[in-house]
There are 2 protein chains.
Amino acid sequence: MKTMEKVDLSDCPICSSLSIDDKEDFLLDLKCSIKAYPKNELIIRQGDVCDALYMLMSGSVKTEMITENGSLLGIEIIKAPRPLAPAFLFSDNNHFPVDVTTLQEVEIMRIPKEEIIRLMMTNPDFMKQFLTHNSNRTQFLTNRLQLLSIKTIKGKLAHFLLEQVAVNEKTFTMNRNQTELADFFGVARPSLARSLSEMVKEGIISISKKEFTILDFKRLREQLE
Amino acid sequence: MKTMEKVDLSDCPICSSLSIDDKEDFLLDLKCSIKAYPKNELIIRQGDVCDALYMLMSGSVKTEMITENGSLLGIEIIKAPRPLAPAFLFSDNNHFPVDVTTLQEVEIMRIPKEEIIRLMMTNPDFMKQFLTHNSNRTQFLTNRLQLLSIKTIKGKLAHFLLEQVAVNEKTFTMNRNQTELADFFGVARPSLARSLSEMVKEGIISISKKEFTILDFKRLREQLE
DNA sequence: TTTACAGTGTAACAACTGTTACACTTTTAT
DNA sequence: ATAAAAGTGTAACAGTTGTTACACTGTAAA
């Protein structure tokens, strides 16, 4: 493993529990392979078989789902270090449910399923972290479900904005452009732009570049009703 | 455990791997409790803390999510034996994401989290089954996400109907009424009724009581575009 | 059997979103 | 610096869905 010295798993949600010694064993013993991909490349297709754990070691990717009618539904942006779709490794129908596209140059480590099982059996903390991470992913999906079930675009925006701003804050930096946010909401881009400009016109929010500011929390919450 | 003789976990997606001996140990040693609930009772509320595994031993329940705007989103109907929301047991924010309401009289076994961890550490097959079941649940949620992202009601119906009918079949029995199906789709009931009657009028499907028949697969698939 | 009540069919209208098109601005690449 | 591409603002119109209301039917309880 030539790139081993670059690897830092201490921030990884499922590997951080491994002690230094464990990590060395982990990396030395592990029957894994690392592969690099360029920017803006579709590296996993919806439907591909998922028979190993893919760990994003560096860079970032986005995941999106293609609906049967051909339209896109953005799911999330994933930054290293984090496993990709670990929940599907053990499912009876072990196919990726999403497309994965690189946003930067990335390195991805492929760890065979058997190795993951071995790690879990020998390392209780790893097992708990793996379970917790999958649970958190499920919670993320549930939240996504809730967002999609809101019927109006302004309602979705209110849900999204109220979730983004930290407690006692009223400003945050948007890390998506309008097209990506529209995909995330599952709506058309001009429709999102219309709702945004209306909310600005009504004095509920203000936008300058990537900075969003909430001007009127009360009326923003009213959009949810 | 007085109700032990009634218990049959051989069909349970996460317990069926336990051998007879294991099962006896499982049930005898397990620090668990069983509780019965009447029909049509709300037994778990969205937001309740989830610090144990709740196993539905007999009967059936439905799960639904309450959107911030107050509308319902039906999630699924669960029949015994199956665990309820096992994915959330290990999440950092361990709260139930849904309301659970009984559809019949039910019995529910409560197994403390520590017991589940112990079982997984001592029983590899149980661990794999637990992982697989959670993976399958995630896949279910992903499918649900896909359904919700379809924008037209006829498109949702097409997706749903094509998924329900078995291969080489054209008829199936609907186990939801119109109101429940509308909640499942996240749409208004009269809107669903309109779409249904239009598709009947157009000769794509026919409905009599709970029996749905697909008359024209080609045009049904076209609804997805 | 009669009486409720849940479930369904339907209609008119309001509200919202999608589509398409184009001008304009900002960023990126050469 | 300049050209190309990506991102944004906006408008008109069509299409779909939500809302509300009410009649009708089937089903379960008294």
Side-chain angles (χ1 to χ4, degrees), chain A residues 38-40 62 67 69-74 101 103-105 147-160 173-202 205-212 222-225, chain B residues 39-40 62 67 69-74 101 103-104 147-160 173-202 205-212 222-225:
Chain A
K39 187 177 175 180
N40 291 327
K62 68 175 173 184
T67 313
N69 58 33
S71 69
L72 276 182
L73 176 69
T101 307
L103 294 174
Q104 310 164 1
E105 290 180 19
L147 180 68
L148 281 185
S149 74
I150 298 173
K151 291 181 188 89
T152 66
I153 297 181
K154 288 184 185 176
K156 288 178 209 268
L157 274 169
H159 176 100
F160 180 81
T173 305
M174 173 72 78
N175 66 343
R176 294 175 152 87
N177 62 35
Q178 268 192 15
T179 304
E180 289 168 344
L181 190 60
D183 286 343
F184 188 70
F185 286 177
V187 301
R189 203 272 311 164
S191 302
L192 174 64
R194 171 173 48 204
S195 293
L196 278 172
S197 70
E198 282 175 10
M199 287 172 78
V200 170
K201 206 173 292 169
E202 291 164 15
I205 60 174
S206 69
I207 308 173
S208 95
K209 305 267 181 185
K210 300 282 176 191
E211 293 297 313
F212 279 60
E222 284 170 4
Q223 305 295 321
L224 290 170
E225 290 159 13
Chain B
K39 186 178 174 179
N40 291 327
K62 68 174 174 184
T67 313
N69 57 33
S71 68
L72 276 182
L73 177 69
T101 308
L103 294 175
Q104 310 165 3
L147 180 68
L148 280 184
S149 73
I150 297 174
K151 291 181 187 89
T152 66
I153 297 181
K154 288 184 185 176
K156 288 178 208 270
L157 274 170
H159 176 99
F160 179 80
T173 304
M174 172 73 77
N175 66 341
R176 295 174 150 88
N177 63 33
Q178 268 192 16
T179 305
E180 289 167 345
L181 190 60
D183 286 344
F184 187 71
F185 285 178
V187 302
R189 203 273 311 164
S191 303
L192 175 63
R194 173 173 45 204
S195 293
L196 277 173
S197 71
E198 282 175 10
M199 286 171 78
V200 169
K201 206 172 294 169
E202 292 164 14
I205 60 174
S206 70
I207 308 173
S208 95
K209 304 268 181 184
K210 300 282 177 192
E211 293 298 314
F212 279 59
E222 284 170 4
Q223 305 296 321
L224 291 169
E225 289 158 16

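Hydrogens, waters and symmetry mates are skipped; everything else that's a heavy atom, side chains included, is used. If you're wondering where the values come from, they're calculated on a predicted model, not measured in any experiment. Chain letters run A, B, ... following the sequence lines, proteins first, then strands; residues in each count from 1.
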Closer than 4.0 Å, any side-chain N/O of A:Gln178 to the OP1 or OP2 of D:dA6?
->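 Checking A:Gln178 against D:dA6: no side-chain N or O falls below 4.0 Å of OP1 or OP2.
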Taking only N and O in the side chain of A:Lys209, is any of them less than 4.0 Å away from OP1 or OP2 of C:dT27?
->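 Answer yes for this pair, as a side-chain N or O of A:Lys209 is under 4.0 Å from OP1 or OP2.
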Round to a whole Å and report the spacing from [atom1] of [X] to [atom2] of [N].
{"X": "A:Leu181", "N": "D:dG9", "atom1": "CG", "atom2": "P", "value": "12 Å"}
{"X": "B:Asn40", "N": "C:dC5", "atom1": "CG", "atom2": "P", "value": "16 Å"}
{"X": "A:Met199", "N": "D:dG9", "atom1": "CE", "atom2": "P", "value": "14 Å"}
{"X": "A:Arg176", "N": "D:dT8", "atom1": "CZ", "atom2": "C1'", "value": "18 Å"}
{"X": "A:Asn177", "N": "C:dT27", "atom1": "CG", "atom2": "C1'", "value": "12 Å"}
{"X": "B:Ile207", "N": "D:dT25", "atom1": "CD1", "atom2": "P", "value": "18 Å"}
{"X": "A:Lys210", "N": "C:dT25", "atom1": "NZ", "atom2": "C1'", "value": "13 Å"}
{"X": "B:Glu198", "N": "D:dG15", "atom1": "CD", "atom2": "P", "value": "13 Å"}

How would you list, by chain and number, every residue that makes a ring pair (Phe, Tyr, Trp, His ring centres under 6.0 Å) with B:Phe160, sequence neighbours excluded?
->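 Residues passing ring pair (Phe, Tyr, Trp, His ring centres under 6.0 Å) with B:Phe160: B:Phe184, B:Phe185.
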Which side-chain N or O atoms in residues 188-202 of chain A pair as donor and acceptor under 3.5 Å with protein atoms at least two apart or in another chain?
| residue | atom | partner | partner atom | Å |
| --- | --- | --- | --- | --- |
| A:Ser195 | OG | A:Ser191 | O | 3.4 |
| A:Ser197 | OG | A:Ala193 | O | 3.4 |
| A:Ser197 | OG | A:Arg194 | O | 3.0 |
| A:Glu198 | OE1 | A:Lys154 | NZ | 2.9 |
| A:Glu202 | OE2 | A:Lys154 | NZ | 3.4 |

Minimum heavy-atom distance between A:Val187 and B:Lys151, given as atom pair plus value =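 Between these two residues, the closest heavy atoms are CA-CE, 4.2 Å.
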For nucleotides 10-21 of chain C, which of its nitrogen or oxygen atoms have a protein nitrogen or oxygen under 3.5 Å away, and what is each distance?
| residue | atom | partner | partner atom | Å |
| --- | --- | --- | --- | --- |
| C:dT17 | OP1 | A:Ile153 | N | 2.4 |
| C:dG18 | OP2 | A:Ala188 | N | 3.2 |
| C:dG18 | OP2 | A:Ser191 | OG | 2.9 |
| C:dG18 | N7 | A:Ser191 | OG | 3.4 |
| C:dG18 | N7 | A:Arg194 | NH2 | 3.1 |
| C:dG18 | O6 | A:Arg194 | NH1 | 3.0 |

Would the number of heavy atoms belonging to other residues, nucleotides or ligands and lying under 6.0 Å from NZ of B:Lys39 be above 12?
->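 Atom NZ in B:Lys39 is not packed in, count stays at 12 or less.
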Does any N or O in the side chain of B:Lys156 come within less than 3.5 Å of the main-chain N or O of B:Ile150, such that one atom is a donor and the other an acceptor?
->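 Answer holds: yes.
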Sidechain-backbone polar pair: A:Glu211 side chain, A:Ser208 backbone, donor-acceptor under 3.5 Å =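 Not a single qualifying donor-acceptor pair exists.
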